[in-house]
Amino acid sequence: MTSELFVLMTDWVTQLQPRELIDHALAQGYDGVEVWWPTDPQAQNRLRAAVDSTGAALSLLTGGDASDPRDHIEEIHRRTAAIADSGLAPLHVTLHAGRDHWDPADHDRLADQISEDRAETGLDVLVELHRSRMLYAAHAAKRVLERHSDLRVTFDVSHWLVVAETMLEDQSGAVELAISRADHIHARIGHPQGPQVNDPEAAEWAAVVEQHLRWWDEIVRRRRSENRPVTFLAEFGPVDYAPCHAGTRVPLRDPESSNLWMQRTLRERYGASDH
């Protein structure tokens, strides 16, 4: 049974270029980075060179920007194909896919295309649980996942908490279904009134932190029972995700500090193979 654990650094809270970002991540104790797939070919070349020269683990994000479903589906297909042809071998490709206001039939067509792209490219293509997107809420995701058994997800339950304004106590079936399909975790602590707590070490959030960890425990156990690596992105983000001091846009806690706390927490909890 593998105990392989990857904790990745986000590019969300820094403006560093790929090589500097990766060097910084490795120096901070991360195993690699998760970044948005750049559309510019020169930026793609810089990313590939940085990964090749460091051997860092890499996970990618991409998605669709178009509002029209047909254009959006084609956009995701084209970007996924470009990643497959790039010479990179990312751990995952996480998609920001769909729009919450689309008709269910459009989401079905998108899900079919994503499953086809996953099969044809061999990439581990995942759909993120994310507000405004196809899997924006527990009840909406349950419908999609039940209809599309090949669809796999990146688990970021913080979004669902905000949409539902609960800790999802009354939607456990939807959460369990998502957990059963989750192959990557975006590790941020949300709560029913926001996607990111102001300080994950503050005593008032202890129960919320523990609930996230219990959800993640289930994913880790399943991945290890399947002899597959466990991957996390430490994903506390900047202002406006991070609550800030009024009139300053200075976060109450530096998100990089919160992400380092998350990295330590994940390694302490999941560094051994008995979870």
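Atoms considered below: every heavy atom in the structure, side chains included; atoms not considered: hydrogens, waters and symmetry mates. Heads up: numbering here begins at 1 and tracks the sequence.
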Out of curiosity, Leu21 CG to Thr14 OG1, how far, rounded to the nearest 0.5 Å? 6.0 Å
In terms of heavy-atom contacts, Phe6 and Leu91 come closest through CG-CD1, 4.2 Å
So, does Asp103 use its side chain to make a donor-acceptor pair with the main chain of Ala105 at under 3.5 Å? no
Applying side-chain hydrogen bond (donor to acceptor under 3.5 Å, both in side chains) to Gln42 and not counting sequence neighbours gives none
Steps toward salt bridge (Lys or Arg N to Asp or Glu O under 4.0 Å) verdict (Asp108, Arg147): CA-CA 8 Å; Asp108 287 335; Arg147 289 174 62 86; 3.1 Å; yes
Give, for atom CZ of Arg267 and atom OG1 of Thr265, the distance between the pair rounded to the nearest 0.5 Å. 11.5 Å
Salt bridge (Lys or Arg N to Asp or Glu O under 4.0 Å) between Arg99 and Asp106, worked out: CA-CA 9 Å; Arg99 289 285 188 270; Asp106 292 323; over 6 Å; no
Using modelled atom types only, decide if a donor and an acceptor are shared between the side chain of Arg181 and the backbone of Leu151 within a distance under 3.5 Å. yes
Taking it one step at a time, do Glu146 and Lys142 satisfy salt bridge (Lys or Arg N to Asp or Glu O under 4.0 Å)? CA-CA 6 Å; Glu146 285 177 341; Lys142 185 172 184 288; 2.7 Å; yes
Among Leu47, Thr94, Leu123, exactly one meets side chain to side chain contact (heavy atoms under 4.5 Å, CB included) together with Leu60. Which residue is that? Leu47
Nearest 0.5 Å please: distance from the CZ atom of Arg19 over to the OG1 atom of Thr54. 6.0 Å
For Glu235, is there any backbone N or O sitting under 3.5 Å from a side-chain donor or acceptor partner on Asn259? yes
Is it the case that His159 and Arg188 place a side-chain donor and acceptor less than 3.5 Å from each other? yes
What distance separates Ile185 CD1 from Leu129 CG, expressed to the nearest 0.5 Å? 10.5 Å
Give the intermediate values and the outcome of side-chain contact (heavy atoms from CB on, under 4.5 Å) for residues Ile219 and Val230. CA-CA 8 Å; Ile219 297 170; Val230 174; over 6 Å; no
Pair Gln113, Asp117: side-chain N/O donor-acceptor within cut-off below 3.5 Å: yes
Using a 4.5 Å cut-off on heavy atoms from C-beta on, say whether the side chain of Tyr241 contacts that of Pro255. no
Identify each donor-acceptor pair in which a side-chain atom of residues 166-175 lies under 3.5 Å from a protein atom, sequence neighbours left out, and give them as a table.
residue, atom, partner, partner atom, Å
Thr166, OG1, Leu168, N, 2.8
Glu169, OE1, Met167, N, 3.3
Gln171, OE1, His139, N, 3.4

Side chains of Ser258 and Gln196 in contact at under 4.5 Å (non-hydrogen atoms): no
Specify the closest pair of heavy atoms between Ala56 and Gly32, including all atoms of both residues, with the distance to one decimal. CB-CA, 4.1 Å
Would you say the side-chain atoms of His148 and Asp112 include a donor-acceptor pair closer than 3.5 Å? yes
Any donor-acceptor N/O pair, Gln263 side chain to Gln28 backbone, under 3.5 Å: yes
Less than 4.5 Å apart, any side-chain heavy atom of His96 and any of Ser132? no
In the hydrophobic clustering (ILVMFWY, side-chain contacts below 4.5 Å, transitive), which residues join Val162, or is it alone? none
Looking at Asp156, is its backbone amide N or carbonyl O close enough to the side chain of Glu128 to form a donor-acceptor pair, meaning the two atoms are under 3.5 Å apart? no
If you round to the nearest 0.5 Å, how far is CG of Asp254 from CG of Asp199? 11.0 Å
Within-4.5 Å side-chain heavy-atom neighbours: Met134 and Val144: yes
Are Trp215 and Phe232 linked, directly or through other ILVMFWY residues, by side chains that come within less than 4.5 angstrom of each other? yes
Closest heavy-atom pair and its distance - Val13, Phe236: CG1-O, 3.6 Å
Distance-only side-chain donor-acceptor flag, His191 / Glu204, under 3.5 Å: no
Step-by-step side-chain hydrogen bond (donor to acceptor under 3.5 Å, both in side chains) determination, Arg48 to Gln44: CA-CA 6 Å; Arg48 183 166 49 248; Gln44 294 170 13; 5.5 Å; no
Starting at CD of Gln17, measure out to NE2 of His24 and round the result to the nearest 0.5 Å. 14.0 Å
Determine yes or no for a side-chain-to-main-chain donor-acceptor pair under 3.5 angstrom, with Asp31 supplying the side chain and Leu8 the backbone. no
Polar side chain donor-acceptor pair, Glu34 to Ser59, under 3.5 angstrom: yes
For Asp183 and Thr231, the nearest pair of non-hydrogen atoms, with its separation, is O-OG1, 3.6 Å
N-O pairing of Arg79 and Glu75 below 4.0 Å: yes
Would you please indicate yes or no on a ring centroid separation below 6.0 angstrom for His212 and Trp205? no
Are any non-hydrogen side-chain atoms of Leu95 and Thr62 less than 4.5 angstrom apart? yes
Minimum heavy-atom separation for Trp160 to Leu135, with atom names? NE1-O, 3.0 Å
Spell out, as yes or no, whether a donor-acceptor pair under 3.5 Å connects the side chain of Arg223 to the backbone of Pro229. yes
Is there a path of hydrophobic side-chain contacts, each under 4.5 Å between heavy atoms of I, L, V, M, F, W or Y residues, that connects Leu126 with Leu110? no
Leu61 with Val33, same ILVMFWY side-chain cluster at under 4.5 Å: no
Can you give me the closest heavy-atom contact between Val208 and Gly190, atom names plus distance? CG1-O, 3.0 Å
Can Trp102 and Arg109 be said to form a side-chain contact (heavy atoms from CB on, under 4.5 Å), step by step? CA-CA 11 Å; Trp102 284 1; Arg109 283 188 284 271; over 6 Å; no
His72 side chain to Ala66 backbone, donor-acceptor under 3.5 Å: yes
Between Asp124 and the options His184, Arg228, Arg152, His92, the side-chain hydrogen bond (donor to acceptor under 3.5 Å, both in side chains) test singles out His92
Same apolar cluster (I L V M F W Y, side chains within < 4.5 Å links), Leu88/Tyr30: yes
Output, in order, the C-alpha distance, side-chain angles, deciding distance and verdict of salt bridge (Lys or Arg N to Asp or Glu O under 4.0 Å) for Arg222 and Glu226. CA-CA 6 Å; Arg222 176 179 54 77; Glu226 298 166 349; 3.4 Å; yes
More than 12 foreign heavy atoms under 6.0 Å from CZ of Arg78: is that the case here? yes
Taking the six-membered ring where the residue is Trp, are the ring centres of Trp216 and Tyr270 under 6.0 Å apart? no
Do Val157 and Val220 share a hydrophobic cluster, counting only Ile, Leu, Val, Met, Phe, Trp and Tyr and linking them when any side-chain heavy atoms are less than 4.5 Å apart? yes
